[in-house]
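Naming convention: chains lettered A, B, ... in sequence-line order (proteins, then strands); numbering from 1 in each chain.
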Amino acid sequence: MKEFPPKYIPNHTEDKWHKIWEESKIYEAKVKPGKPKYSVVIPPPNITGILHIGHILNNTIQDIYSRWKRMQGFEVCWVPGIDHAGISTQHVLERELAAQGKTKHDLGREKFVEMGWEWKKKYGGIILQQLRKLGVSVDWSKERFTLDDGLNTAVKEVFVDLYKKGLIYRGKRIVNWDPAAQTAVSDDEIEYKEKKDKLYYIRYYFRDSEEYVVVATTRPETMFGDTAVAVNPEDKRYNLLKNKSVIHPLVNKNIPLIFDDYVDIDFGTGALKITPAHDTNDFEVGKRHNLESINVITKDSKLNEYAGEFKGLDIFVARKRIVEKLKELGNLEKIEEITHNVAYGSKSGAVIEPYLSEQWFVAMKELAKPALKVVNDGEIRFHPDRWVKTYNHWMLNIRDWCISRQLWWGHQIPIWYHNSTGEVYCATEPPKDIENYTQDPDVLDTWFSSWIWPFSVFGWENSMNDETNAELKYFYPTDFLATAADIIFLWVARMIMAGLEYKKEIPFKDVYFNSIVRDGQGRKMSKTLGNSPDPLDVMDKYGADALRFTIVYLAPLGNDVLFDENKTEIGRNFITKLWNAGRFIMMNYEKADANNSIESEPDDLDRWMDSRLNNTLKDIENYLCEYRLNDYTKILYNFVWNDFCDWYIEILKVKLLKEGADIKGILDRAKNLYISILKMLHPVIPVVTEELWHIITELTDNSSISLENFPALNKGQINYELESDLENVKELITSIRNIRTENNIPYSKECNVNIKPFEEDFGNNISRFDYFIRSIGRVDELKIEKTYEKFEEQSVKVLPKCEIYLSLEGLVDKEKQSANFKKELENLVKYSETLKKKLSNEKFLEKAAKELVDGEKEKLKNTEQQIMKLQSLIG
RNA sequence: GGGCGAUUAGCUCAGCUGGUUAGAGCACUUCGCUUACACCGAAGGGGUCUGAGGUUCGAAUCCUUAAUCGCCCACCA
């Protein structure tokens, strides 16, 4: 027998198994015709990212399903990878250059991109390295990068195809401009924050008149782009002013007063300046009234030549100067303090400017239609399903997707312009006479490569290789996607659209939106708050399995998780308990050698445990199918701790001590149960179960529990009657212990106990278990008989089906006991009254199910019997 | 402004399609080194389920409404 280590040392064991698993390539997936497959693609973490607690939850969930399905005989393929994260990475690179006093222009595009690849080589895989610590069973041989050659080919193919279908077009639109990153960003990359600001009321005078209209603005610097002042046509105040013009306060020009429904009569003065180039709504108004759009701000948010004397000033500086000037000129009516939402780039933190520019767009309406259908028809299922509503709302109001970014790091748009004719050339390869063409300098939004992730990772490059690619054919569509709900539009919806467009098939069947992890006070984890514990530290301190178990245990489907580092004790303590249970079983084998007893048959206790095990197995299957992962861990936690350790092992101790016990037989049965438990737990705590399995089975090769079969449900072993008998026995034992505690009887002292059942049947039933009532109840003599006369020195407890008498040689605390009786009696009387009331209700008897009524009658009978006994004891 | 979710013991949460004298873990109290485990064992105390209406024989569970907290979407100068 191998030595069973007294303590589990996570770090060492985890490193060992992670290495063995990776080297023996057991998680590499192959095309196996005829064998069912289960495939998952990882949500590729950002190249610039580092592991946080959210990743732990997300990847543990994927690992649980991968391991579970693998143990159920599926060919499991879980593809890892990373995202090139356009804006973030460019930001990091530029910051690095800035530290050397350089800009990207000093390097030039080619060198800059090279620098990106160098950086990727050096740091890009950090997060995947960190993920290895978690013990994920991904197929490392299939690792992909959203900017690798294969992805690049696929991205170009999709772009060209959509362009040829007319779904990609170029247009001059107001986009969200990030002046720090100097690129367009999508709506989804913006955060709104409340900010205190000033609202400036400015007079626009009518020509040759003392009359004026007042408009309010928070951004006076854009007024050089004003091309109208608008009021609502229904607004009586302005009725008489049709066809009039006002004078621009700073530029000597007329601007028309126009009438448009968009203007809110009740807000401010009811008049609004229209600056089409710098506001989305103004742009729409401008289009309706054929107004000119004048862009007055440069890409780096300075005023341009339209601003006259203010040209070249940063907009925030210009704002102050312009206000001063307006004051001088007498055009400033007043300034109000207001709080409003301001848009910030979620990556750069800079204030986002609405900016008019040429960008590339994907027309989304047609792509969205089939994608809506598959989700509403249930072909793709969301968990929890309330996200379908959110999805529908967005998809029905979908807007065209701005896909061009003015960056260098990313997939450059496969568009070339003829140098002299300006003709547009779009193809996956450059034009032959490349010297006459210039490629569009922009790159594609990062999500343009992410949205084809589920099929591009399997080698999809174009519709041609679609047919011939065996991996793609076998593994697509994938089965499961676990992700955070905040990228439902950015990523999930778009993957569905791309999958349907290019594979004519959904990209995944089940989507699990995992919880958002918050800190102990419910605050979002954030760098600035410093409330996000480093998962590597936590894993180092408690073990990766402990963290995995804890985070899943705490994460209910659809709700947030409040995570505190010290909560990891839940998982750590559980693992220790599991470890020691195994250690106990193995320790006892030593005693088996000298033992020459005959083989024993399984007894009621074994049958009870088999029943509990299969019930647990049944629940596990349901929970995992319903994506209730916290329930999966919870039920195992309770099963192992309560049923297996607290009762089964405790009773086992008694059985082992019995004269002539079949020690080996008893332990073998326990060991088999324990191995089943290890397998049931393996998906969530892979390393410790692997280690224990090897110790227990004494396997020394590189075989793995993760390749074993998951325990199969045997419904025939479920025995509710026996389980309820055991519940009664447990209640009896608990009551005996209770009496002992109340009378301060030391553990070492055994007592004599008489159980007086109200019914013969009950007595017969429990007398089967008398040997362990005696031993774990610390009972010397146990009598179970209906007729028993009590002596003086005894303590009594009345249960629903029997009385318990415990002899005390010493003193019985009679006062305490009768106080207890009275209290109990009070409760029972109250209870019996509610039962009586219920049972005397005609309608209840008439309408409620028969079993329910009978159940209530039974309860009343028991309760009244208890009451009678108690009364006689008091009296 | 629109939508979604939450509100159950001191804390964190279970309680699925209405019928349990409302459960768990942590914390708390009192014992306890007993053939694994003090990261442990035993026994206990503690809540009427945010408020108000309603449906029902019966509601923590369904409906209406209010309050509080949180998230998402839109954004009015």
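Candidate nucleotides B:G25, B:G19, B:U34 were compared by shortest atom distance to the side chain of A:Ile570, and B:G25 ranks first. For A:Asn841, whose side chain is taken as the heavy atoms from C-beta onward, the closest listed nucleotide among B:A14, B:C57, B:A24 is B:C57. Comparing B:C37, B:G15, B:G19 against the side chain of A:Arg583 picks out B:C37 as the nearest. For A:Leu272, counting side-chain heavy atoms from C-beta on, the closest listed nucleotide (B:G41, B:A77, B:C16) is B:A77. Considering only the side chain of A:Thr217, B:A77 comes nearest among B:A43, B:A77, B:G25. Distances were taken from every side-chain heavy atom of A:Asn580 (C-beta onward) to each of B:A36, B:C16, B:C57; the shortest belongs to B:A36.
The residues A:Glu731 and A:Lys801 are annotated as not salt-bridged, no charged nitrogen and carboxylate oxygen being separated by less than 4.0 angstrom.
In this structure, A:Asn397 does not reach the B:A74 phosphate: none of its side-chain N or O atoms is under 4.0 Å from OP1 or OP2. Between A:Asn573 and B:C40, a side-chain N or O to OP1/OP2 separation shorter than 4.0 Å is present. Contact check, A:Lys859 against B:U21: a side-chain N or O comes under 4.0 Å of OP1 or OP2. Under 4.0 angstrom from either OP1 or OP2 of B:A74 there lies at least one side-chain N or O belonging to A:Arg399. Within the 4.0 Å cut-off from OP1 or OP2 of B:C4, not a single side-chain nitrogen or oxygen of A:Arg386 is found. For B:C76, one of the phosphate oxygens OP1 or OP2 lies less than 4.0 angstrom from a side-chain nitrogen or oxygen of A:Asn281. Applying the 4.0 Å criterion to OP1 and OP2 of B:G3, one finds that A:Thr390 has every side-chain N and O outside that range. Contact between the side-chain N/O atoms of A:Trp641 and the OP1/OP2 oxygens of B:G41 is found at a separation under 4.0 Å.
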Test A:Lys730 against A:Glu727 for salt bridge (charged side-chain N to carboxylate O under 4.0 Å, His left out), laying out the working first.
CA-CA 5 Å; A:Lys730 281 155 74 175; A:Glu727 283 311 308; 3.3 Å; yes

Mind running side-chain contact (heavy atoms from CB on, under 4.5 Å) on A:Phe489 and A:Ile398 for me, showing each step along the way?
CA-CA 10 Å; A:Phe489 311 130; A:Ile398 197 161; over 6 Å; no

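The CZ-P distance, from A:Phe4 to B:C37, rounds to 12 Å in whole Å. Summarising the geometry, the separation between CG on A:Leu839 and P on B:G19 is reported as 17 Å, rounded to the nearest angstrom. Going from atom NZ of A:Lys567 over to atom P of B:C39 covers 21 Å, rounded to whole Å. For A:Asp631 and B:G23, the CG to P distance is 18 Å, given to the nearest whole Å. One interatomic measurement links the two molecules: CG of A:Asn638 to P of B:G25, which rounds to 7 Å at whole-angstrom precision. Here the P atom of nucleotide B:G44 and the CD atom of A:Glu824 are 11 Å apart, to the nearest Å. Rounded to whole Å, the distance from CD1 on A:Ile651 to C1' on B:U34 is 16 Å. Atom NZ in A:Lys837 sits about 15 Å away from atom C1' in B:G19, given to the nearest Å.
Evaluation of A:Tyr831 against the base of B:U21 yields a stacking contact (centre distance < 5.5 Å, interplanar angle < 30°). For B:C37, the base is not stacked against the aromatic ring of A:Trp579, per a cut-off of 5.5 Å between centres and 30° between planes.
Under 3.5 Å, the side chain of A:Lys634 and the base of B:A24 form no donor-acceptor pair of N or O atoms. Donor-acceptor pairing under 3.5 Å, judged by distance alone, is absent between the side chain of A:Lys389 and the base of B:C4.
The closest side-chain heavy-atom distance from A:Thr483 to A:Phe513 is below 4.5 Å.
For RNA chain B, each stem of at least three Watson-Crick or G-U pairs (distances under 3.5 Å) is given as range with range: B:1-7 with B:67-73, B:10-13 with B:23-26, B:28-32 with B:40-44, B:50-54 with B:62-66.
Nucleotides B:C4 and B:A43 place their P atoms 47 Å apart, quoted to the nearest Å. One P atom belongs to B:C71, the other to B:A27, and the distance between them is 30 Å to the nearest Å. B:A24 sits 10 Å from B:G15 when the C1' atoms are compared, rounded to a whole Å. Distance check on atom P: B:U29 versus B:G10 gives 16 Å, rounded to whole Å.
Between A:Phe382 and A:Trp387, the ring centre distance reaches or exceeds 6.0 Å.
Here A:Glu650 lies in heavy-atom contact (under 4.0 Å) with a base. Using a 4.0 Å heavy-atom distance criterion, A:Asp282 is classed as making no nucleic acid contact. Residue A:Arg572 is classed as a base contact, given a heavy-atom separation below 4.0 Å to a base. A:Thr576 comes within 4.0 angstrom of a nucleotide base, judged by non-hydrogen atoms across all strands. Using a 4.0 Å heavy-atom distance criterion, A:Thr863 is classed as making no nucleic acid contact. Using a 4.0 Å heavy-atom criterion, one finds that A:Asn827 contacts no nucleic acid atom at all.
Mapping A:Ile745 and A:Leu845 onto RNA chain B via the closest heavy atom, the residue that lands nearer the 5' end is A:Ile745.
Closest non-hydrogen pair, A:Ile736 versus A:Gly777, comes out as CG2-O, 3.7 Å.
At distances below 3.5 Å, at least one donor-acceptor pair connects side-chain atoms of A:Arg740 with backbone N or O atoms of A:Lys749.
By the 30° and 60° cut-offs, the orientation of the rings of A:Phe4 relative to A:Trp579 is perpendicular.
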Mind listing the side-chain donor-acceptor pairs of residues 823-830 of chain A below 3.5 Å, one per line with the distance, residues two or more places apart or on another chain?
none

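Paired with A:Ile696 under the rule side chain to side chain contact (heavy atoms under 4.5 Å, CB included), one option of A:Arg583, A:Lys671, A:Glu691 passes, and it is A:Lys671.
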